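I have a structure here, written as structure tokens, and I will follow up with some questions on it.
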Amino acid sequence: MTRLPAMLAAVVLFVPGYPSPTVAQSFDHAVLDTVLVRFVRDGRVDYTALKIGREPLDAYLDQVASVAPDEFAGWPEAERIAFLLNVYNAYTLQTIIDNYPIKAAGFFKKLTHPKLFAMPDNSIRQIDGVFDGIKHEVAGRELTLDEIEHGTLRSDYNEPRIHFALVCAAVSCPPLREEAYSGERLDEQLDEQGQRFLNDPRLNRIEIDGGRVHLSKIFEWFGEDFHQFARDGVGYAGDESINGVLTFVSRYLLDRDVVFLEGGEYKVDFLKYDWTLNDQAIAAVR
């Protein structure tokens, strides 16, 4: 008896002419796809051309700003994660071209922010407030890049593979894809990013003969996101963070590297992060 109303409702919903129930629609990232295909090659961006042909990128972010909070909340989790990854990367691109070519901070600015002395002149870090000051419209909210990453993606979703996909416009970042993320293909795309990131010797490398494991600084900064993967009784070196990181990233490594890591006879260090802009023009002259 208690199921009868639900059964009747189901029948009513399929009566011809009766309005169909509202279905949460995903966001269309096709415009961002065109931007990435046109201006990204091998993880590097043609910022000179993007600055000239920026209209599609700006149009895409106008669409992002127009999404209502309840609309966003109604999407499946994978759709929300894909949306936020794309938004972070797209706003990063927009911020770069708003300030391109990037000029180094002046001497007196560097005196109050000494870390800038160690940054390349063309680095995104030279843009004042780039991560924690500049606000962006995201589904009815005003968020900084840090708030998108730390206050939303890292806090609301248990998905450590976001660290393979967020691209802060630096050479040491994971490579920027030539396509947008989508909820439908997110799992596949994030695993592909893990393969690319972990097997690029410029970003991570394992030296079996030398007994060294060189990891991206990202794994030191966000090691806590990998604690859940730590395993007892396995030869992964270091504290819980390193153990969790190595356990997790092993799924993307060659079998010989996994065997080496499980042996435990090695030292782990973190590579210096290169904040040079991920610009095709720079790559061409190196």
Side-chain angles (χ1 to χ4, degrees), residues 5-6 9-10 12-40 50 54-98 129-169 174 176-193 225:
V12 170
L13 289 178
F14 288 97
V15 171
Y18 195 90
S20 60
T22 301
V23 178
Q25 299 294 314
S26 61
F27 189 85
D28 186 356
H29 299 284
V31 176
L32 182 59
D33 271 324
T34 65
V35 172
L36 297 173
V37 167
R38 182 177 177 186
F39 298 107
V40 179
L50 179 58
R54 63 179 295 159
E55 290 83 5
L57 177 62
D58 293 336
Y60 171 77
L61 289 171
D62 286 343
Q63 294 175 357
V64 165
S66 69
V67 173
D70 58 345
E71 180 185 0
F72 173 81
W75 297 337
E77 180 175 294
E79 295 283 357
R80 283 177 273 139
I81 293 173
F83 177 83
L84 291 168
L85 292 173
N86 289 330
V87 166
Y88 182 98
N89 291 340
Y91 271 124
T92 299
L93 292 175
Q94 188 183 65
T95 302
I96 295 296
I97 60 176
D98 283 346
V130 65
F131 293 117
D132 59 4
I134 301 173
K135 295 283 187 176
H136 310 285
E137 294 184 55
V138 183
R141 301 172 65 190
E142 294 283 327
L143 301 175
T144 64
L145 292 178
D146 273 355
E147 288 168 338
I148 296 171
E149 179 178 6
H150 309 300
T152 307
L153 277 166
R154 292 183 64 219
S155 65
D156 295 351
Y157 306 97
N158 182 22
E159 180 47 88
R161 292 177 298 174
I162 64 170
H163 297 300
F164 307 153
L166 293 168
V167 183
C168 58
L176 186 61
R177 289 179 75 86
E178 295 172 24
E179 65 174 359
Y181 293 96
S182 68
E184 185 179 52
R185 295 183 54 232
L186 184 64
D187 195 58
E188 169 195 347
Q189 290 174 311
L190 291 180
D191 277 343
E192 287 177 359
Q193 284 294 111
D225 292 358

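The structure displayed is predicted, hence computed values, not measured ones.
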> Backbone N or O of Trp75 within a donor-acceptor pair of the Arg80 side chain at under 3.5 Å?
Replying inline: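 Checking the backbone N and O of Trp75 against the side chain of Arg80, a donor-acceptor pair under 3.5 Å is found.
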
> Which residues pass the side-chain contact (heavy atoms from CB on, under 4.5 Å) test with Gln94, sequence neighbours left out?
Replying inline: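 Partners of Gln94 by the side-chain contact (heavy atoms from CB on, under 4.5 Å) criterion, ordered by chain and then number, come out as Arg54, Leu57, Asp58, Leu61, Tyr91, Asp98.
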
> Do Pro69 and Arg141 touch side chain to side chain, with heavy atoms closer than 4.5 Å?
Replying inline: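 Of all side-chain heavy-atom pairs linking Arg141 with Pro69, none is under 4.5 Å.
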
> Which class fits the ring pair Phe27 and Phe83: parallel under 30°, tilted 30 to 60°, perpendicular over 60°?
Replying inline: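 Phe27 vs Phe83 ring planes: perpendicular.
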
>> What verdict does the side chain to side chain contact (heavy atoms under 4.5 Å, CB included) test give for Ile81 and Leu85, after you've listed the backbone C-alpha separation in whole Å, the side-chain angles of each residue and the deciding distance to 0.1 Å?
In response: CA-CA 6 Å; Ile81 293 173; Leu85 292 173; 4.0 Å; yes

> How many angstroms lie between atom CG of Leu186 and atom CG of Leu190, to the nearest 0.5 angstrom?
Replying inline: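 Between Leu186 CG and Leu190 CG, I get 4.0 Å after rounding to 0.5 Å.
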
> By ring pair (Phe, Tyr, Trp, His ring centres under 6.0 Å), which residues pair with Tyr88, not counting sequence neighbours?
Replying inline: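 By the ring pair (Phe, Tyr, Trp, His ring centres under 6.0 Å) rule, Tyr88 matches no residue at all.
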
> Can you tell me if Ser66 uses its side chain to pair, donor with acceptor, with the backbone of Gln63 under 3.5 Å?
Replying inline: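 Yes, the answer is positive, given that a donor and an acceptor are paired below the 3.5 Å cut-off.
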
> Shortest non-hydrogen contact from Leu36 to Glu178?
Replying inline: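 That would be CB-C, 3.7 Å.
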
>> Run the salt bridge (charged side-chain N to carboxylate O under 4.0 Å, His left out) test against Glu179 and tell me which residues pass, sequence neighbours left out.
In response: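 Listed in chain order: Arg177, Arg185.
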
> What distance separates Leu166 CG from Ile148 CD1, expressed to the nearest 0.5 Å?
Replying inline: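 One finds 9.0 Å between CG of Leu166 and CD1 of Ile148.
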
> Say you draw a straight line from NE2 of His150 to OG1 of Thr144; how long is it, rounded to the nearest 0.5 Å?
Replying inline: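 Reported to 0.5 Å precision, the distance equals 8.5 Å.
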
>> Looking at every heavy atom in both Ser182 and Ala82, which two are closest together, and how far apart are they?
In response: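 That closest heavy-atom pairing would be C-CB, 3.7 Å.
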
>> Asn86: which residues meet the side-chain hydrogen bond (donor to acceptor under 3.5 Å, both in side chains) condition with it, sequence neighbours left out?
In response: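 Scan of Asn86 (side-chain hydrogen bond (donor to acceptor under 3.5 Å, both in side chains), adjacent residues dropped) gives His29.
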
> Are any side-chain N or O atoms of Asn89 and backbone N or O atoms of Val167, one a donor and one an acceptor, separated by less than 3.5 Å?
Replying inline: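 Pair found, side chain donor or acceptor close to backbone of Val167.
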
>> Using 0.5 Å steps for rounding, measure from the CZ atom of Phe164 to the CD atom of Glu159.
In response: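 These two atoms lie 9.0 Å from each other.
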
>> List the residues meeting side-chain contact (heavy atoms from CB on, under 4.5 Å) with Ala68, not counting sequence neighbours, and say none if there are none.
In response: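 If we apply the side-chain contact (heavy atoms from CB on, under 4.5 Å) test to Ala68, skipping adjacent residues, the hits are Asp70, Glu71.
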
> For Asp62, which residues count as a side-chain contact (heavy atoms from CB on, under 4.5 Å) partner, sequence neighbours excluded?
Replying inline: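 Expected list: none.
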
>> To the nearest 0.5 Å, what is the distance between CG on Asp156 and CG on Leu84?
In response: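 Between Asp156 CG and Leu84 CG, I get 8.5 Å after rounding to 0.5 Å.
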
> Residues in salt bridge (charged side-chain N to carboxylate O under 4.0 Å, His left out) with Asp187, at least two apart?
Replying inline: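 Only Arg161 meet the salt bridge (charged side-chain N to carboxylate O under 4.0 Å, His left out) criterion with Asp187.
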
> Among all residues two or more places apart in sequence or in another chain, which pass the side-chain contact (heavy atoms from CB on, under 4.5 Å) test with Ala169?
Replying inline: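 Expected list: Tyr47, Thr92, Ile96, Ile124, Leu277, Asn278.
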
Only distances under 3.5 Å count here; give the side-chain donor-acceptor pairs of residues 132-140 to other protein atoms, sequence neighbours excluded, each with its distance to 0.1 Å.
from   : atom 1 : to     : atom 2 : distance (Å)
Lys135 : NZ     : Glu147 : OE1    : 3.2
Lys135 : NZ     : Glu147 : OE2    : 3.4

>> If you compare all heavy atoms of Gln193 against all heavy atoms of Pro174, which two are closest, and at what distance to 0.1 Å?
In response: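 Shortest heavy-atom contact: NE2-CB, 4.4 Å.
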
>> Under the rule for salt bridge (charged side-chain N to carboxylate O under 4.0 Å, His left out), what residues qualify as partners of Asp33, not counting sequence neighbours?
In response: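 Testing Asp33 for salt bridge (charged side-chain N to carboxylate O under 4.0 Å, His left out), a comparison that skips the adjacent residues, returns none.
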
> By ring pair (Phe, Tyr, Trp, His ring centres under 6.0 Å), which residues pair with Phe39, not counting sequence neighbours?
Replying inline: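 Phe39: no ring pair (Phe, Tyr, Trp, His ring centres under 6.0 Å) contacts found.
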
> Asp28: what forms a salt bridge (charged side-chain N to carboxylate O under 4.0 Å, His left out) with it, not counting sequence neighbours?
Replying inline: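 If we apply the salt bridge (charged side-chain N to carboxylate O under 4.0 Å, His left out) test to Asp28, skipping adjacent residues, there are no hits.
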
